[in-house]
Amino acid sequence: MDATYLSPRSWGWRALIALPLLGGCSGPQSTLQPAGVDAEQIARLFWWMSGFAILIWGVVIGCAVFVTYIKPRSHDSRVARWLILGGGVVVPPLVLGVLLAFGLSLLPSLSAPAEDGLQISVSGERWWRRVRYPTPSGGTVELANEVRLPVGERVGFRLTSPDVIHSFWIPSLGGKVDMIPGRTTRLSLEPTEVGVFRGACAEFCGTSHALMNFRVVVMEPDAFDTWLEQQASPARPPQGEVARRGQEAFLANGCGACHAIRGTSADGVLGPDLTHVGSRLSLAAGTLPTDAESFERWISHPDDIKPGVNMPAFDMLPAPQIHSIATYLSQLE
Amino acid sequence: MTRRAQAEPDAQGKPTPGRRESLWPLAMGPLLWVAHFLLSYATAAVWCAKVGGENGSLGGVRLVIGIYTALILSGIAVVIWRGLRKHRFGTATVPHDFDTPADRHRFLGFATVLLGGLSFVATLYVALPVVFIESCR
């Protein structure tokens, strides 16, 4: 063995170089910084597993060092045999059994529906998410690419997909559940902290799989109710001449065949609902901000931003018209 | 290591194993494990599809899988016991690698015990989910 591998100085350097990697342990998309009841359970399981893994590693390496450096001579074969049988045959099934039992005991609560609580339906589609909330009046309101939740309440999710298998995962709040065509899978989450988190698709679903993210906003219950009421209302009329021309161009160029803007004649259902698109924290499933400039980029060349996207490029429109549509959409708060 | 015993002079008083031995006892442990998995899976799937429904209770399926598990574990225990008897034939110790019918007999017995042990643990793991999960969800 190369002696430098065991020199403490070389280990010190390695540890120092690896230190910046710890930065990845925090942030809006980290299982190690839980902000929900379910994520806390998962994080606890992770820490227990890591602790025991380090303990087992220490014992194994300790034995190896003992027999090669500290007492490098023949050992009692009976003791060695029991050590091998115990550590190699008996202990692993026991450890795995305990881990399996602990993991399984978490499952019922992670998928328990919030019977009387809020039920949100999410459909994963290439490469965005259609989100449906029930409104207080008994109807539903369709939004896209953003999930808002009231803090301290258990919320149920019904997950599905019309095309390929996607996955619904908000690491800060809980576990990961697949969205499977032809099936409805369930998940429930109970956020404990107000904040903005990030969700991702964790099941490879095609070219723009990595660009299928969403923001998750956890709000105070009162603020959530106000937000939902506002989202259920029709779009506000365009403000100013440019936006007014933008609305006309939006309707005249057939955008309404795929997109809906409640309160106008645009009622398409293929693409995301745009009634309040300007109020969202991101455009194109977590890819761009929602300012007028980003809308312009998206309308002109969606395929450059998100390869394989179904929306055609509208760069054949005159630049002022694209600008006016972008202004109109960014105003839809 | 202790010096292992010789292969041949141990068979006195017992019938010497034949030159040809069946491999079925060796495969019996894993086969029982497979049978348990398929039975449990099919029972739960049919129940949830036809009776329980998407959110229904697993109900009697948990008890049925418990009965499967008890029966299959007893079967695997018998396989292990018979393997142990073969492994202990005569006085020779592992690794049973002499080219003689008696050592082949012991080797097959020892391998049966190991595979049986693996199947026993695996069957327990397959049964574990119904201890914690009560619904078809």
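The basis for the numbers below is simple: all heavy atoms, side chains too, and nothing from hydrogens, waters or symmetry mates. In what follows, chains are A, B, ... by sequence order, proteins preceding strands, each numbered from 1. Given the structure is predicted, the values throughout are model-derived calculations rather than measurements.
More than 12 heavy atoms of other residues, nucleotides or ligands sit less than 6.0 Å from atom CH2 of A/Trp128. Taking a 6.0 Å sphere around CZ of B/Phe37, one finds it holds 12 or fewer heavy atoms contributed by other residues, nucleotides or ligands. By the 6.0 Å contact criterion, OH on A/Tyr133 is enclosed, its count of non-hydrogen atoms from other residues, nucleotides or ligands being greater than 12.
Contacts between residues 58-73 of chain B and chain A, counted as heavy-atom pairs separated by less than 4.5 Å, involve no residue at all.
For A/Ser74, no part lies near chain B; criterion is any non-hydrogen pair under 4.5 Å.
No other option in B/Leu128, B/Val131, B/Ile133 has as many heavy-atom pairs under 4.5 Å with chain A as B/Leu128.
The shortest distance between side-chain heavy atoms of B/Tyr125 and A/Leu96 falls below 4.5 Å.
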